[in-house]
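One structure is given below, represented as structure tokens, and several questions about it will come after.
Atoms within a ligand are numbered from 1 in the order they appear, just like the ligands themselves. Values below: every heavy atom of this structure, side chains too, minus hydrogens, waters and symmetry copies.
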Amino acid sequence: MLEQLIIRGETKQERYEALLPQIKSVVEDENDLIANMANVAAMLHETFGFWWTGFYRVEGEELVLGPFQGPMACTRIRKGRGVCGTAWAKEATQVVPDVELFPGHIACSSASRSEIVVPVFREGQVIAVLDIDSDRLSTFDETDRLYLEQIVQIL
Ligand code: SME
């Protein structure tokens with residue numbers, strides 16, 4: 001089991017490249033999904049210093065707050081609501097450069113300015129979403145989408 005996160009790299013891509021094998025090493029030793037979500041949220045949060053990094057799990061017709069790092073957050077989100085519920089309903093990653101311009105965005109924190117939400121699939125079904133918020137505009141791009149989609153596949 002990895003005992004300490006070591007991330008070197010100037011660019012976002014270099015940091016994700018350094019992070020990926022360390023996430024693999026943590027997840028391959030553990031088969032509990034909640035435990036793995038907790039460590040993945042912590043590792044992403046520590047590496048990039050995001051405002052909020054965490055998971056919502058699908059429970060019936062709602063998303064329910066799961067392991068996260070950052071300030072307290074909304075506990076339940078209905079399918080199709082907000083950025084998270086949209087990622088679930090559309091089964092597609094949502095990259096939001098300015099949350100104020102996203103119709104129906106749910107403001108758990110007024111400091112959040114941009115956001116990315118990546119669905120987590122199991123056997124073709126969305127079972128959770130990875131939600132990351134930044135306190136700056138336009139933090140997330142195709143590089144984040146590419147690597148975060150790989151990271152949720154490892155879970
Ligand atoms: N902004 C999200 C809600 C979750 S919080 O950002 C942690 C949304 O619109 O779905």
Side-chain angles (χ1 to χ4, degrees), residues 5 7 11-13 15-16 18-20 22-24 26-27 30 32-155:
L5 187 63
I7 299 296
T11 67
K12 183 189 275 194
Q13 185 170 358
R15 287 170 170 235
Y16 277 117
L19 187 55
L20 262 173
Q22 295 181 74
I23 288 180
K24 279 186 186 148
V26 165
V27 168
E30 177 54 64
D32 186 279
L33 183 62
I34 306 272
N36 287 335
M37 285 176 166
N39 268 332
V40 168
M43 293 167 90
L44 283 166
H45 202 74
E46 186 181 343
T47 300
F48 294 103
F50 296 129
W51 175 253
W52 195 93
T53 311
F55 291 89
Y56 282 88
R57 293 183 306 122
V58 171
E59 289 280 350
E61 285 305 298
E62 290 181 318
L63 291 167
V64 181
L65 184 62
F68 72 95
Q69 299 274 314
M72 65 177 290
C74 326
T75 53
R76 286 173 189 269
I77 298 172
R78 284 215 299 275
K79 192 170 189 179
R81 299 286 306 276
V83 186
C84 292
T86 301
W88 176 18
K90 293 191 169 170
E91 303 190 352
T93 299
Q94 306 293 304
V95 179
V96 182
D98 181 349
V99 295
E100 286 182 17
L101 301 180
F102 188 96
H105 166 255
I106 300 164
C108 291
S109 160
S110 59
S112 174
R113 308 291 298 282
S114 59
E115 183 164 1
I116 186 167
V117 181
V118 181
V120 181
F121 294 93
R122 275 283 186 288
E123 293 164 3
Q125 300 280 333
V126 177
I127 56 146
V129 298
L130 167 62
D131 177 18
I132 306 180
D133 286 42
S134 166
D135 58 0
R136 297 177 185 189
L137 290 170
S138 304
T139 294
F140 306 103
D141 57 21
E142 285 304 304
T143 301
D144 299 281
R145 178 209 293 269
L146 183 82
Y147 283 102
L148 294 172
E149 286 180 352
Q150 285 183 53
I151 287 169
V152 300
Q153 275 180 40
I154 300 170
L155 269 176

If you measure every N/O of Asp133 against every N/O of ligand 1, is any gap under 3.5 Å?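 Yes, since at least one N or O of Asp133 sits under 3.5 Å from an N or O of ligand 1.
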So which heavy atom in the protein is nearest atom 8 (C) of ligand 1, and how far is it from that ligand atom?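 Sorting protein heavy atoms by distance from atom 8 (C) of ligand 1 puts Val83 N, 3.3 Å first.
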What is the closest protein heavy atom to atom 5 (S) of ligand 1, and at what distance does it sit?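 So the nearest neighbour among protein heavy atoms is Cys108 SG, 3.2 Å.
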Note, Tyr147 side chain near Lys12 side chain (heavy atom, < 4.5 Å):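 Not touching, per the 4.5 Å side-chain cut-off.
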Should Asp98 and Ser114 count as side-chain neighbours, where that means a heavy-atom distance under 4.5 Å?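 Heavy-atom side-chain distance check fails, nothing below 4.5 Å.
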Looking only at distances, please establish whether an N/O atom of ligand 1 is found under 3.5 Å from an N/O atom of Gly82.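 Between Gly82 and ligand 1 (N or O atoms, distance only) the closest approach is not under 3.5 Å.
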What's the shortest distance from atom 4 (C) of ligand 1 to any protein heavy atom, and which residue and atom give it?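 Sorting protein heavy atoms by distance from atom 4 (C) of ligand 1 puts Asp131 OD2, 3.3 Å first.
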Heavy atom of the protein closest to atom 2 (C) of ligand 1 (residue, atom name, distance):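 Result for atom 2 (C) of ligand 1: Glu115 OE2, 3.1 Å.
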With side chains defined as the heavy atoms from C-beta onward, is the minimum distance between Leu20 and Ile151 less than 4.5 Å?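 Side chain of Leu20 against side chain of Ile151, heavy atoms only: contact under 4.5 Å found.
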With distance as the sole criterion, is a donor-acceptor pair present between the side chains of Ser109 and Trp51 under 3.5 Å?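 Trp51 and Ser109 do have a side-chain donor-acceptor pair below 3.5 Å.
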Ring center gap for Phe140 and Phe50 short of 6.0 angstrom: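 They qualify: ring centres under 6.0 Å apart.
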Under 3.5 Å between some N or O of ligand 1 and some N or O of Cys74?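 Cys74 vs ligand 1: no N/O contact under 3.5 Å.
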Could you tell me which atoms of ligand 1, counted from 1 in the order shown, lie closer than 4.0 angstrom to a heavy atom of His105?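 Those qualifying, in numeric order: 1 (N), 9 (O).
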To which of Thr75, Leu65, Ile106, Thr86 does the heavy atom nearest atom 9 (O) of ligand 1 belong?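 Residue with the shortest heavy-atom distance to the ligand atom: Ile106.
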When you measure from the heavy atoms of Phe68 to every atom of ligand 1, does any distance fall below 4.0 Å?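 Under 4.0 Å: no for Phe68.
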Any non-hydrogen side-chain atom of Glu62 less than 4.5 Å from a side-chain atom of Tyr56?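 Result no, sub-4.5 Å side-chain heavy-atom pair not found.
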Can you find a pair of side-chain heavy atoms, one from Leu155 and one from Val120, that are under 4.5 Å apart?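 Yes, side chains in contact.
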Do the side chains of Val27 and Val40 get nearer than 4.5 Å, heavy atoms only?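 In contact.
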Examine the proximity of ligand 1 to Trp52 and report which part, side chain or backbone, both or neither, has a heavy atom under 4.0 Å away.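 Under 4.0 Å from ligand 1, Trp52 contributes side-chain atoms alone.
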